[in-house]
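This report concerns only the one structure given below.
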Number of protein chains: 2
Amino acid sequence: MRRKPGQLLPLEVEILEVGLALQRQGLTHFHGYSLAKLLRERGGRRSLTAHGTLYRALHRLVSAGLMEASWEDHGIAERENRPRRRLYRLLGAAEPAVARARAAERARPKLGSLQPDLESP
Amino acid sequence: MRRKPGQLLPLEVEILEVGLALQRQGLTHFHGYSLAKLLRERGGRRSLTAHGTLYRALHRLVSAGLMEASWEDHGIAERENRPRRRLYRLLGAAEPAVARARAAERARPKLGSLQPDLESP
DNA sequence: CGACAATAGGCAGATATCTGCCTATTGTCA
DNA sequence: TGACAATAGGCAGATATCTGCCTATTGTCG
């Protein structure tokens with residue numbers, strides 16, 4: 001769907017949130033497949049069976065300048081005997097972007113994120 | 001199943017036959033996935049949905065000294081934007097081994113490869 | 001010959017990433 | 001506000017290779 005520049009979609013926010021959480025644990029780099037597993041554990045809600053959607057969202061975040069992508073070293077994949085990973089790293093712009101997205105969501109809540117309205121009894 | 005040394009199993013013979021056919025076309029190297037497609041076209045009979053059986057057979061043929069395996073150059077896979085292939089090449093011992101297997105099969109035909117018995121009317 | 005050991009074959013799925021196609025959602029403009 | 005354009009999400013499947021588990025088949029030995 002069309003969207004105004006700078007705005008983040010739910011999946012993108014989720015990716016960045018997981019990324020920030022990993023960063024807090026000292027893990028600066030992650031890859032798509034691991035992210036898929038984390039997201040599955042996290043919410044359970046998102047199927048992501050065929051991870052096409054996720055990889056496209058990752059590419060978008062790179063294009064948006066919020067993440068940086070690089071290919072894993074050949075040798076590592078080789079030693080561990082598995083396909084090569086594409087490693088993603090959050091850029092500085094990511095954290096404020098998430099904060100803005102969260103603020104925007106609080107201001108304009110979508111159906112599904114309805115919270116008990118304590119202000120208007 | 002157990003087998004006496006030097007004997008080839010049907011799948012192994014098929015692999016080597018396809019390999020020899022490719023060789024005659026000037027294609028000395030092939031990889032597992034392409035082989036799976038060729039075998040599927042060829043007989044149709046073998047499912048090979050999850051190619052585990054095929055890859056194991058390839059490893060056996062390498063251990064048996066009938067084929068040689070090598071990893072494709074990183075750069076090629078990278079340029080073509082796909083996983084790296086393991087390339088197989090028939091060794092000199094392959095052709096006589098197939099010939100022997102075929103001769104053995106003619107001598108001791110299994111159920112399923114029954115040919116019209118023209119010798120004993 | 002019949003029981004046993006060993007291994008082959010098949011099924012399922014892990015590991016990674018990516019594309020095509022169709023539908024759903026959203027912003028914009030008339 | 002309602003129609004349209006654009007793009008996001010989901011499903012399916014391609015590209016490659018490999019492991020685990022269970023069953024089927026085979027050679028050997030008592």
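A note on names: the letters A, B, ... follow the listed sequences, proteins ahead of strands, and every chain is numbered from 1. A quick note: this is a predicted structure, and the numbers were derived from the prediction, not measured.
At least one side-chain nitrogen or oxygen of A/Arg85 sits closer than 4.0 Å to the OP1 or OP2 atom of C/dA16. Dashed line: the shortest gap from a side-chain N or O of B/Tyr55 to OP1 or OP2 of D/dC18 is not under 4.0 Å. Put simply, B/Arg82 has a side-chain N or O that comes within less than 4.0 Å of OP1 or OP2 on D/dA16. In terms of phosphate contacts, A/Arg84 brings no side-chain nitrogen or oxygen within less than 4.0 Å of OP1 or OP2 of D/dT15. Note on B/His51: every side-chain N or O is 4.0 Å or more away from OP1 and OP2 of D/dT17. For A/Lys37, a side-chain nitrogen or oxygen approaches OP1 or OP2 of C/dT15 to under 4.0 Å.
The shortest distance between side-chain heavy atoms of A/Leu8 and A/Leu66 falls below 4.5 Å. Residues B/Glu12 and B/Arg60 meet the side-chain proximity criterion, which asks for heavy atoms closer than 4.5 Å.
Using N1 to N3 plus N6-O4 or O6-N4 for Watson-Crick, or N1-O2 and O6-N3 for G-U wobble, each under 3.5 Å, D/dT1 pairs with C/dA30. D/dC22 is paired with C/dG9 under the Watson-Crick or G-U wobble criterion, all donor-acceptor distances under 3.5 Å.
With rounding to whole Å, A/Arg40 atom CZ is found 8 Å from C/dA14 atom P. Rounding to whole angstrom units, CD of residue A/Glu80 and P of C/dT15 are separated by 12 Å. If you measure from atom CD of B/Glu14 to atom C1' of C/dG9, you get 13 Å, rounded to the nearest angstrom. In this structure, A/Glu72 places its CD atom 12 Å from C1' of C/dT17, rounding to the nearest Å. Atom CG in A/Leu58 sits about 9 Å away from atom P in C/dC18, given to the nearest Å. The nearest whole Å value for the distance from the CG atom in A/Leu35 to the C1' atom in C/dC18 is 16 Å. Summarising the geometry, the separation between CZ on A/Arg79 and C1' on C/dT15 is reported as 18 Å, rounded to the nearest angstrom. Summarising the geometry, the separation between CD on A/Glu78 and P on C/dA16 is reported as 15 Å, rounded to the nearest angstrom.
For A/Gln7, the listed nucleotide lying nearest its side chain is C/dG27; candidates were C/dC18, C/dG27, D/dA8. In the set C/dT15, D/dG9, C/dC18, D/dG9 carries the atom at the smallest distance from any side-chain atom of A/Leu9. Here the side chain of A/Arg60 is nearest to one of D/dC18, C/dA16, D/dG9, namely D/dG9. In this structure, the nucleotide among C/dC18, D/dA16, C/dA12 sitting nearest to the side chain of B/Ala50 is C/dA12. Distances were taken from every side-chain heavy atom of B/Arg86 (C-beta onward) to each of D/dT17, C/dA16, C/dC18; the shortest belongs to D/dT17.
Across all strands shown, B/Gly32 has heavy atoms under 4.0 Å from sugar-phosphate atoms exclusively, and none from any base.
For A/Arg56 against C/dG20, a side-chain N or O and a base N or O form a donor-acceptor pair under 3.5 Å.
Residue order along DNA chain D, read from the 5' end via each residue's closest nucleotide, puts A/Arg3 first among B/Pro83 and A/Arg3. Nearest-nucleotide assignment on DNA chain D puts the 5′-proximal partner with A/Thr53, out of B/Ser34 and A/Thr53. Taking the nucleotide of DNA chain C with the nearest heavy atom to each of B/Glu12 and A/His31, the more 5' of the two is matched to B/Glu12.
A/Tyr55 and A/His51 have tilted rings, their planes meeting at an angle from 30° to 60° on a 0 to 90° scale.
Residue B/Glu95 qualifies as open at atom CD: its count of foreign heavy atoms under 6.0 Å is 12 or below.
Side chain to side chain, A/Gln23 and A/His29 fail the donor-acceptor criterion of an N or O pair below 3.5 Å.
Counting only distance, with no hydrogens or angles, the side chain of B/Ser34 and the backbone of B/Phe30 share no donor-acceptor pair below 3.5 Å.
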